[in-house]
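Here the structure is a predicted model, which means the values were calculated and not measured. Proteins get letters first, then strands, A, B, ... in listed order; numbering begins at 1 in each.
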2 protein chains.
Amino acid sequence: MKVYRYWMDTGVDLRVRGGADAYLRGCPSRDVLDMIGSKWTVLIVPALREGPLRFGELRRRLDGITQKSLTQTLRTLERDGLITRTQYPTIPPRVEYALTDLGLRAVALLAGVRDWAEANLADVLAARAAHDARADS
Amino acid sequence: MKVYRYWMDTGVDLRVRGGADAYLRGCPSRDVLDMIGSKWTVLIVPALREGPLRFGELRRRLDGITQKSLTQTLRTLERDGLITRTQYPTIPPRVEYALTDLGLRAVALLAGVRDWAEANLADVLAARAAHDARADS
DNA sequence: CGGTATCCCCAAGGATACTG
DNA sequence: CAGTATCCTTGGGGATACCG
C-alpha cells in the first residue's frame, strides 16, 4: 500500500514505478474513484445512514432509479463491504440493506466531498459562467 | 445553495424538493462528482501542485494519456476555474498550465479522497476478496 | 416483493492522422 | 510544440419483460 503513498499529491515522475499503464491500472485511485463516482452510490450509501432499508424503500427514495441499476449498485456495494444484505425467508420475501462500519466511514468521505462542494461550488459555477460569457470560441 | 444542504447526508424523502429528476439534475453532487470522477482530473490537478507545467510536460508525466484526452480535460478544468492557461506567442509556441486558488483547494479535496483510500482501501479489497472467495454464484 | 434477463443508446475516452 | 479533426470502441445505465 505504501508504494502508492504519493499517488495523487506529488509532482514526481510517476513512471519510475514501472510504466504508466501499470501505474494507472494498479493505482488505488481508480478503485475508490470508481466507487464514489458511481451515479447511485452517493445517494444510496447516505440513505442508509439512519438505519436499514428494504429494497422497495430504497427504490422509492431514489425515485428515478430502475430496478436493474438499484440491484446492480447494491450488489457492488455489498461486494465492496460497504453494506450487508439480509434476506428473511418469508412470503412475500423481505430483504434489508444496512451499512457496515466501512460503509459508515464512506458516508464520512462523501460528507467531505459535500463540504467541498458547499464551500467551492459557487466559485466553480461562477468561473464557468464567466468563461462561457467570453463566448469568443 | 442552502436548499441542497442535506443533499447527501440525510434519509429524508428527497422528492419533497420537486421530483426525483429535478433533484438529480439540480443537485450539486453531480457537478462535483463529475469533476473529481473524471479519469484524468485526479492526476492532472495534483501534478500542477508544485508549479506550472507545459503541455508536453504534463503529457509525459501522464504517460498513458492521449493528446485529445489531455486537451479535453485541461479545457474543462480551465472552464471550471481550477487552472489557468497561459500562451506565450513564441515560435515554437509555449503554453503553461497552473493551478488557481480554487484548483489548490481541489488538491485538498483530492487529498481527502486519497486519505480515505489509504485508510480504508485495504478493507474494501479484503471484503471483495472474501466475497469472491464465496464463489457460490 | 424483490428480483433476473435482454435489448438498446449514448457519451467518455482511445487510436490515428493532420496542422499553425 | 501544442494542438484539431475524425473514426471507433466500450460499458454504464435506462426501458421493458418475465420469475420464485
Side-chain angles (χ1 to χ4, degrees), chain A residues 19-21 23-25 29-31 33-44 47-48 52-80 83-98 136-137, chain B residues 19-21 23-25 29-31 33-44 47-48 52-80 83-98 136-137:
Chain A
D21 283 340
Y23 160 68
L24 286 172
R25 281 197 277 269
S29 70
R30 285 292 91 213
D31 293 271
L33 253 8
D34 287 349
M35 253 185 49
I36 71 169
S38 166
K39 176 169 183 178
W40 297 108
T41 296
V42 293
L43 297 173
I44 292 176
L48 293 172
L53 288 177
R54 300 181 58 175
F55 186 89
E57 292 173 327
L58 276 169
R59 184 172 41 169
R60 276 186 295 278
R61 185 150 305 177
L62 313 169
D63 202 23
I65 199 170
T66 60
Q67 280 185 327
K68 176 193 163 189
S69 295
L70 181 53
T71 300
Q72 212 169 247
T73 309
L74 288 171
R75 292 285 180 275
T76 302
L77 290 173
E78 188 193 4
R79 175 170 183 257
D80 286 349
I83 65 172
T84 58
R85 177 180 184 275
T86 308
Q87 180 174 341
Y88 300 94
T90 59
I91 293 180
R94 174 190 180 88
V95 179
E96 278 190 355
Y97 295 91
D136 41 307
S137 59
Chain B
D21 283 341
Y23 161 67
L24 287 173
R25 281 197 278 269
S29 71
R30 284 291 92 214
D31 293 270
L33 251 10
D34 288 350
M35 253 186 48
I36 71 168
S38 165
K39 177 168 183 177
W40 297 107
T41 297
V42 292
L43 297 173
I44 291 176
L48 294 172
L53 289 177
R54 301 180 58 176
F55 186 89
E57 291 173 326
L58 276 170
R59 184 173 41 168
R60 275 186 295 279
R61 185 150 305 178
L62 313 169
D63 203 21
I65 200 171
T66 61
Q67 280 185 326
K68 177 193 164 189
S69 295
L70 180 53
T71 300
Q72 211 170 247
T73 309
L74 288 172
R75 293 284 180 275
T76 302
L77 290 173
E78 187 193 4
R79 175 169 183 259
D80 287 349
I83 65 172
T84 58
R85 177 180 184 276
T86 309
Q87 179 173 342
Y88 301 93
T90 59
I91 294 181
R94 173 189 181 88
V95 179
E96 278 190 354
Y97 295 90
D136 40 306
S137 61

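Taking 4.0 angstrom as the limit, A:Ser69 places a side-chain polar atom (N or O) nearer than this to OP1 or OP2 of D:dG14.
Among the protein residues, A:Tyr97 comes within range of the sugar-phosphate backbone only, with heavy atoms under 4.0 Å from sugar or phosphate atoms but none that close to a base.
Residues that satisfy the side chain to side chain contact (heavy atoms under 4.5 Å, CB included) test with A:Glu57, not counting sequence neighbours, are A:Leu53, A:Arg54, A:Arg60. The salt bridge (Lys or Arg N to Asp or Glu O under 4.0 Å) check on B:Arg94 picks up B:Glu96, with sequence neighbours excluded.
B:Leu58 places its CG atom 10 Å from the P atom of D:dA2, with the value rounded to the nearest Å. In this structure, B:Arg59 places its CZ atom 13 Å from C1' of D:dT4, rounding to the nearest Å. Atoms CD (B:Gln72) and P (D:dG3) sit 13 Å apart, rounded to a whole Å. Between B:Ile65 atom CD1 and D:dA2 atom P there is a gap of 14 Å when expressed in whole angstrom units. Across the protein-nucleic acid pair, A:Arg75 atom CZ and D:dG12 atom P stand 17 Å apart, rounded to whole Å. Separating the CZ atom of B:Arg54 from the C1' atom of D:dG3 is a distance of 13 Å, rounded to the nearest angstrom. Rounded to whole angstrom, the span from the CD atom of B:Gln87 across to the P atom of D:dA2 amounts to 10 Å. Rounded to whole Å, the distance from CG on B:Leu33 to C1' on D:dG12 is 15 Å.
Among the nucleotides D:dG3, D:dG13, D:dA2, the one closest to the side chain of B:Thr71 is D:dG3. Closest contact between the side chain of B:Lys68 and the listed nucleotides D:dG14, D:dA5, D:dA2 involves D:dA5.
Of all nucleotides in DNA chain C having an atom under 4.0 Å from a heavy atom of chain B, the first and last in 5' to 3' order are C:dG13 to C:dG20.
With values rounded to the nearest 0.5 angstrom, B:Leu77 atom CG is found 11.0 Å from B:Gln72 atom CD. Annotation: the span from B:Leu33 atom CG to A:Lys39 atom NZ amounts to 11.5 Å, rounded to 0.5 Å.
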Could you walk me through whether A:Trp40 and A:Leu74 pass the side-chain contact (heavy atoms from CB on, under 4.5 Å) test, one step at a time? CA-CA 9 Å; A:Trp40 297 108; A:Leu74 288 171; over 6 Å; no

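A donor-acceptor contact shorter than 3.5 Å is absent between the side chain of A:Ser38 and the backbone of A:Asp34.
In this structure the side chain of B:Ile65 never reaches within 4.5 angstrom of the side chain of B:Leu43, judged on heavy atoms.
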